[in-house]
**Student:** 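This is the structure I want to talk about, given as structure tokens.
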Amino acid sequence: MIYGLIFSAGNQKRFELETPKALIPLGSKPLLKHNMEHLYPYCNRIFVVCSYLNKDYFEDYDKIVITSGKGCGDAVLSALDELPLIKGDKCFIQWGDSYCNFEVVKRTFMQGITSDCVVIPCETVDNPYVQLEQFGDRISVKFSKYNEPTNKGFHDLSLFFGDACYIRDCLEEYKRQIFKNSNYVHKHGNEMEFLDLFNEVDMKGTIIPITYHSCFSFNKMSEFKDSTCILDDDTL
């Protein structure tokens with residue numbers, strides 16, 4: 001079984017809208033619809049992962065409702081725990097405020113379907129928000145928001161693909177390490193960052209370099225409007 005999980009469990013305070021960012025219209029349909037259509041050829045089931053606070057926005061979608069979401073890693077673990085996973089199951093993980101075109105999804109799937117690594121498409125940018133570096137089958141991640149110096153290098157495209165049970169087990173190991181007295185206690189604060197898996201539990205990963213600008217993520221409406229020009233021709 002191959003699952004597609006698109007996460008939209010945040011409260012979108014930074015976007016200053018009540019509507020979840022995943023449902024912002026992009027051309028003739030919501031951003032979420034674009035991403036689902038790109039994932040659909042490679043997935044048996046696709047779910048929107050939302051919170052009990054915004055679940056009513058997603059009445060027309062198959063969804064997993066979570067009550068946690070203390071960081072993106074916590075949200076992913078909560079969603080995977082709701083699936084009847086068996087050995088060999090794979091999953092796409094995509095943040096709901098991102099857009100990845102069909103070609104990027106296809107390349108990610110083709111690279112990851114026979115791999116035991118978590119596959120991450122990345123673009124090279126100046127001073128990335130997070131910077132990923134490849135070392136054999138391991139990845140190191142630096143976060144500029146935590147004052148970890150980043151340079152020109154790989155930035156993830158908010159899309160991941162890998163063995164679902166392996167990702168869940170890595171998240172559970174990570175949680176055991178940093179969950180103390182009912183709180184996350186970690187150098188990066190009181191949340192469980194998904195990308196910290198590569199730093200803290202040595203989750204195996206591989207980067208796919210993407211040389212064309214075919215994806216975007218956003219936190220503000222201005223960023224969203226500036227990004228619509230990269231849509232596939234057939235999505236408008």
**Student:** With sequence neighbours excluded, tell me which residues meet ring pair (Phe, Tyr, Trp, His ring centres under 6.0 Å) with Tyr3.
**Tutor:**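 Result, ring pair (Phe, Tyr, Trp, His ring centres under 6.0 Å) vs Tyr3: none returned.
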**Student:** Output the distance between atom CG (Leu31) and atom CG (Leu23), rounded to the nearest 0.5 Å.
**Tutor:**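 It comes to 8.5 Å.
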**Student:** Does some side-chain heavy atom of Val118 sit less than 4.5 Å from a side-chain heavy atom of Phe161?
**Tutor:** no
**Student:** Counting C-beta onward and ignoring hydrogens, is there a side-chain heavy-atom pair between Ile208 and Thr108 closer than 4.5 Å?
**Tutor:**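 Result yes, sub-4.5 Å side-chain heavy-atom pair found.
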**Student:** Check the pair Tyr99, Gln94 against side chain to side chain donor-acceptor pair (under 3.5 Å), reporting the backbone distance first and the verdict last.
**Tutor:** CA-CA 9 Å; Tyr99 169 91; Gln94 183 171 5; over 6 Å; no
**Student:** Hey, does the side chain of Tyr52 reach the backbone of Thr67 with a donor-acceptor pair shorter than 3.5 angstrom?
**Tutor:** no
**Student:** What are the two closest non-hydrogen atoms of Ala79 and Leu5, and how far apart are they?
**Tutor:** CB-CD1, 4.4 Å
**Student:** For His38 and Phe109, I'd like to know if the aromatic rings sit close, meaning centre-to-centre distance below 6.0 Å.
**Tutor:** no
**Student:** Please enumerate all residues that pass salt bridge (Lys or Arg N to Asp or Glu O under 4.0 Å) together with Lys204, with sequence neighbours excluded.
**Tutor:**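 For Lys204 the salt bridge (Lys or Arg N to Asp or Glu O under 4.0 Å) partners, ignoring immediate neighbours, are Asp116.
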**Student:** Is there a donor-acceptor contact under 3.5 Å from the side chain of Glu37 to the main chain of Leu32?
**Tutor:** no
**Student:** Determine yes or no for a side-chain-to-main-chain donor-acceptor pair under 3.5 angstrom, with Lys90 supplying the side chain and Gly112 the backbone.
**Tutor:**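 Yes, Lys90 side chain to Gly112 backbone: donor-acceptor pair under 3.5 Å.
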**Student:** Determine, stepwise, if the pair His186 / Tyr146 fulfils ring pair (Phe, Tyr, Trp, His ring centres under 6.0 Å).
**Tutor:** CA-CA 12 Å; His186 185 253; Tyr146 299 122; 8.2 Å; no
**Student:** Does atom OH of Tyr40 have more than 12 heavy-atom neighbours, drawn from other residues, nucleotides or ligands, at distances under 6.0 Å?
**Tutor:** no
**Student:** Regarding Arg45 and Asp62, does a basic nitrogen lie under 4.0 Å from an acidic carboxylate oxygen?
**Tutor:**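 Answer for the salt bridge query: yes.
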**Student:** Assess whether side-chain contact (heavy atoms from CB on, under 4.5 Å) is satisfied between Glu173 and Met203, documenting all intermediate values.
**Tutor:** CA-CA 10 Å; Glu173 180 182 347; Met203 185 166 72; over 6 Å; no
**Student:** Check whether any side-chain heavy atom of Phe154 lies under 4.5 Å from a side-chain heavy atom of Pro209, and answer yes or no.
**Tutor:** yes
**Student:** With side chain to side chain donor-acceptor pair (under 3.5 Å) as the criterion, how do Asn151 and Gln131 come out once you've worked through the C-alpha distance, each side chain's angles and the decisive distance to 0.1 Å?
**Tutor:** CA-CA 8 Å; Asn151 303 296; Gln131 182 175 343; 4.7 Å; no
**Student:** Indicate yes or no: at least one non-hydrogen side-chain atom of Arg168 is less than 4.5 angstrom from one of Asp81.
**Tutor:** yes
**Student:** Determine yes or no for a side-chain-to-main-chain donor-acceptor pair under 3.5 angstrom, with Asn183 supplying the side chain and Asn181 the backbone.
**Tutor:**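 At least one qualifying donor-acceptor pair exists.
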**Student:** Please examine the side chains of His155 and Cys122, heavy atoms only from C-beta on, and report whether any two atoms are closer than 4.5 Å.
**Tutor:**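 In short, these two side chains do not touch, never coming nearer than 4.5 Å.
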**Student:** Run the ring pair (Phe, Tyr, Trp, His ring centres under 6.0 Å) test against Tyr61 and tell me which residues pass, sequence neighbours left out.
**Tutor:**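 So Tyr61 forms no ring pair (Phe, Tyr, Trp, His ring centres under 6.0 Å) with any residue.
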**Student:** Apply ring pair (Phe, Tyr, Trp, His ring centres under 6.0 Å) to Phe160 and list each qualifying residue two or more places apart in sequence or on a separate chain.
**Tutor:** Trp95, Phe194
**Student:** Is the backbone N or O of Tyr166 less than 3.5 Å from a side-chain atom of Asp163, with the two atoms forming a donor-acceptor pair by type?
**Tutor:**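 Indeed, once roles are kept as given, a pair shorter than 3.5 Å links the two residues.
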**Student:** Under the salt bridge (charged side-chain N to carboxylate O under 4.0 Å, His left out) rule, what pairs show up with a residue in residues 129-138, not counting sequence neighbours?
**Tutor:** none
**Student:** Can you pull the salt bridge (charged side-chain N to carboxylate O under 4.0 Å, His left out) pairs that have at least one residue in residues 175-190, sequence neighbours excluded?
**Tutor:** Lys187-Glu200
**Student:** I'd like to know whether NZ of Lys106 has more than 12 heavy-atom contacts from other residues, nucleotides or ligands below 6.0 angstrom.
**Tutor:**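 Not more than 12 within 6.0 Å, no.
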**Student:** With distance as the sole test, does Glu148 use its side chain to make a donor-acceptor pair with the main-chain N or O of Lys142 at under 3.5 Å?
**Tutor:**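 Pair absent, no side-chain N/O of Glu148 close to backbone of Lys142.
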**Student:** Looking at side-chain heavy atoms only, is the closest gap between Leu159 and Ile93 below 4.5 Å?
**Tutor:**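 When only atoms from C-beta onward are counted, Ile93 and Leu159 do not touch, as no gap falls below 4.5 Å.
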**Student:** Quick check: does any side chain N or O of Asp89 sit under 3.5 Å from a backbone N or O of Ile86, one acting as donor and the other as acceptor?
**Tutor:**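 Such a contact is found between Asp89 side chain and Ile86 backbone.
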**Student:** Please examine the side chains of Thr150 and Val130, heavy atoms only from C-beta on, and report whether any two atoms are closer than 4.5 Å.
**Tutor:**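 No, their side chains stay 4.5 Å or more apart.
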**Student:** In the structure I gave you, are the side-chain heavy atoms of Asn54 and Tyr57 within less than 4.5 Å of one another anywhere?
**Tutor:**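 Result yes, sub-4.5 Å side-chain heavy-atom pair found.
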**Student:** With rounding to the nearest 0.5 Å, note down the distance linking OG in Ser98 to CG in Asn35.
**Tutor:**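 Here the interatomic distance stands at 5.5 Å.
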**Student:** Do the side chains of Lys63 and Glu82 get close enough for a salt bridge, i.e. N-O under 4.0 angstrom?
**Tutor:** no
**Student:** When you measure from the side chain of His34 to the backbone of Leu26, do you find a donor-acceptor pair of N or O atoms at a distance under 3.5 Å?
**Tutor:**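 Indeed, once roles are kept as given, a pair shorter than 3.5 Å links the two residues.
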